[in-house]
Amino acid sequence: MTVDERPTDHASVGNPMTAEDSPELRRLYADFDAEHLIPLWTQLGELMPMSPAPRARPHVWRWGTLHPLAARAGELVPVGRGGERRAIALANPGLAGHAYATPTLWAAIQYLGPRETAPEHRHAQNAFRFVVEGEGVWTVVDGDPVRMSRGDLLLTPGWQFHGHHNETDRPMAWLDGLDIPFSHYTDVGFFEFGSDRVTDYATPRHSRAERLWCHPGLRPLTGLADTVASPIAAYRWEHTDRALTEQLLLEEEGHPATVGQGHAAIRYVNPTTGGDVLPTIRTEFHRLRLGAETATRREVGSSVFQVFQGRGRVVLDGVEHTVEQGDLFVVPSWVPWSVGAESGTEGGSTLDLFRFSDAPVMERLGFARTHVEGENR
């Protein structure tokens, strides 16, 4: 019997421990309550389901709606000490009362107005930024100014001071991703205010971290110690784009280089370990040719995707959605999903997707599991 064929609720297989009601039984349960005790036999189906039963729901957020809302916030809500960031979190409709995209991942649209500065702070939570459009903002991470441009992945590992400054007369918005829900549930969070400004207003094309670390296949002898987070401050779009383009070209030439027919993909990695860029978050980029589609799959752990460019069709738990540039969608744990590229795109003949997930946590804790339709795993 496969995982998908098992009953989804323990009640469906009966509960031999169900007892007949009696004054003695009611008194027993009252005494449990008084001592803050809960018997397992009353909650087994909820605590140990036959397969994951996430409260988080699949959901799609439209960039065409999000960006204007962020712009309105830019007109009405100042950036400064206290609120710290003009960031609007994606709140999963199944996690009412929490500003969480999933039980482990936080995602938000951050908006910085013309010539604005977001003050420096640091926190234990790991963070990244992904830029779907725009340029002109520098994020300063532990005193190192890092340019933010379209298609770039920027890292802010836990406990590094960081702030942002916009050097243009135009606003800019981007995607923030953090492990806030995971750190909140596990009570590991720390936070500290830094400078009311940023420590360096320089606008270099390449940060010091890039100048030291971003040379293909080369590692500086001054940084031989492995680090839990990548020392690379920015993973630039030109390198991501080139890697995906070459995979598809190699496929055309008859060399196996893609993860599926017409489906190129890369994972951003920590050059000191070869592992994920952040200890709690995996980041990937996927490109599908027009007409290509992935197999339907389920994975333990959750993911958030943002469409970088193109037009596509995503099926989440059997419901089909059309997505375009900037749109975001969430895939909760063990929810079946697939994605395909469609025609009608502007500015390209592919569907490009940025993805981040909690896979490093699931793998390290031994919970990772994947089921691909048509395959046995």
Side-chain angles (χ1 to χ4, degrees), residues 63 107 126-135 137-139 141 146-157 172-177 205-207 209-219 229-252 255 257-260 262-278 281-290 292 294 303-312 323-329 339 341 345-357 359-360:
W63 186 250
N126 295 284
F128 72 81
R129 307 172 210 297
F130 179 74
V131 185
V132 73
E133 63 182 33
E135 60 181 11
V137 170
W138 271 256
T139 181
V141 182
V146 186
R147 171 176 53 90
M148 297 176 62
S149 298
R150 183 174 185 269
D152 293 345
L153 171 68
L154 303 307
L155 300 184
T156 307
M172 183 171 164
W174 60 86
L175 171 67
D176 282 347
R205 179 161 182 79
H206 297 291
S207 63
E210 292 171 83
R211 291 166 60 192
L212 182 62
W213 283 97
C214 292
H215 306 284
L218 304 175
R219 180 173 176 174
S230 172
I232 296 177
Y235 292 76
R236 298 296 179 189
W237 170 242
E238 55 262 36
H239 304 305
T240 304
D241 183 38
R242 186 63 179 171
L244 296 165
T245 298
E246 291 295 345
Q247 284 188 28
L248 291 176
L249 287 173
L250 284 167
E251 181 186 67
E252 286 182 1
H255 305 291
T258 57
V259 294
H263 177 191
I266 59 96
R267 181 181 300 170
Y268 301 91
V269 297
N270 177 348
T272 74
T273 64
D276 291 291
V277 294
L278 295 170
I281 297 175
R282 174 164 296 167
T283 52
E284 300 174 345
F285 203 100
H286 295 254
R287 172 172 291 172
L288 284 82
R289 293 187 189 277
L290 293 185
T294 68
S303 296
V304 177
F305 290 78
Q306 183 170 35
V307 179
F308 180 65
Q309 63 185 13
R311 177 185 174 91
V323 290
E324 300 177 320
Q325 181 174 324
D327 291 349
L328 296 113
F329 59 91
V339 64
T345 62
E346 295 183 3
S349 58
T350 61
L351 172 66
D352 284 4
L353 293 161
F354 173 77
R355 178 191 189 187
F356 71 101
S357 72

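Please read all numbers here as calculations on a predicted model, not as lab measurements. Heads up: numbering here begins at 1 and tracks the sequence.
- Interatomic distance, CG of L175 versus CG of L328, reported as 6.0 Å (0.5 Å rounding).
- By the side chain to side chain donor-acceptor pair (under 3.5 Å) test, E251 pairs with T258, sequence neighbours left out.
- Cation-pi contact between R355 and F130: absent, since separation from the ring centre below 6.0 Å together with deviation from the ring axis within 45° is not met.
- Side-chain contact between F285 and F308 is present, with at least one heavy-atom pair separated by less than 4.5 Å.
- The line from OG1 of T240 to CZ of F354 is 9.5 Å long, rounded to the nearest 0.5 Å.
- Separating the CG atom in L212 from the CD1 atom in I232 is a distance of 10.0 Å, to the nearest 0.5 Å.
- Between S149 and V131, every side-chain heavy-atom pair lies at or beyond the 4.5 Å cut-off.
- Here the closest non-hydrogen pair linking V146 and A234 is CG1-CB, 3.8 Å.
- Residues meeting the salt bridge (charged side-chain N to carboxylate O under 4.0 Å, His left out) test with E252, sequence neighbours left out: R289.
- Although no hydrogens or angles enter the test, the distance criterion places a donor-acceptor pair under 3.5 Å between the side chain of T294 and the main chain of V339.
- The distance from the CH2 atom of W213 to the CZ atom of R219 is 5.0 Å, given to the nearest 0.5 Å.
- One N or O on the side chain of D327 and one on the backbone of E324 form a donor-acceptor pair closer than 3.5 Å.
- With sequence neighbours left out, W63 forms a ring pair (Phe, Tyr, Trp, His ring centres under 6.0 Å) with H67.
- Evaluation of the salt bridge (charged side-chain N to carboxylate O under 4.0 Å, His left out) rule for R129 yields D176 as partners, not counting sequence neighbours.
- In this structure, the separation between CG on L244 and CG on L249 is 11.0 Å, given to the nearest 0.5 Å.
- Contacts of D352 classified as side chain to side chain donor-acceptor pair (under 3.5 Å), with partners at least two apart in sequence or in another chain: R287, Q309, T350.
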Full working for side-chain contact (heavy atoms from CB on, under 4.5 Å) between D152 and R147
CA-CA 9 Å; D152 293 345; R147 171 176 53 90; 4.1 Å; yes
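- Shortest non-hydrogen contact noted between A243 and I266 is CB-CG2, 4.0 Å.
- For the pair L278/P360, no side-chain contact is recorded, criterion being any heavy-atom separation below 4.5 Å from C-beta on.
- We find the NE2-SG distance between H239 and C214 to be 6.5 Å, quoted to the nearest 0.5 Å.
- Here the shortest heavy-atom pairing between L155 and V141 reads O-CG2, 4.1 Å.
- Taking 4.5 Å as the limit, some side-chain heavy atom of D276 sits within range of a side-chain heavy atom of R267.
- S349 approaches L290 most closely through the heavy-atom pair O-CG, 3.1 Å.
- One side chain, Y235 or S230, offers a donor N or O that lies under 3.5 Å from an acceptor on the other.
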Given side-chain contact (heavy atoms from CB on, under 4.5 Å), test L353 with E284 step by step and report yes or no.
CA-CA 8 Å; L353 293 161; E284 300 174 345; over 6 Å; no
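- Between W174 and V137 there is a side-chain heavy-atom pair separated by less than 4.5 Å.
- Partners of W138 according to the side chain to side chain donor-acceptor pair (under 3.5 Å) rule, which considers only residues two or more places apart in sequence or in another chain, do not exist here.
- In this structure, the side chain of E135 does not engage the main chain of R150 through any donor-acceptor pair within 3.5 Å.
- Shown here is R211, whose CZ atom has no more than 12 heavy atoms of other residues, nucleotides or ligands within 6.0 Å.
- Between the side chain of Q325 and the main chain of G310, no donor-acceptor pair closer than 3.5 Å is present.
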Decide salt bridge (charged side-chain N to carboxylate O under 4.0 Å, His left out) for E246 and R242; before the verdict, give the C-alpha distance in whole Å, the side-chain angles of both, and the deciding distance to 0.1 Å.
CA-CA 6 Å; E246 291 295 345; R242 186 63 179 171; 2.5 Å; yes
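- What you find for H286 and A265 is that their closest heavy atoms are ND1-CB, 3.5 Å.
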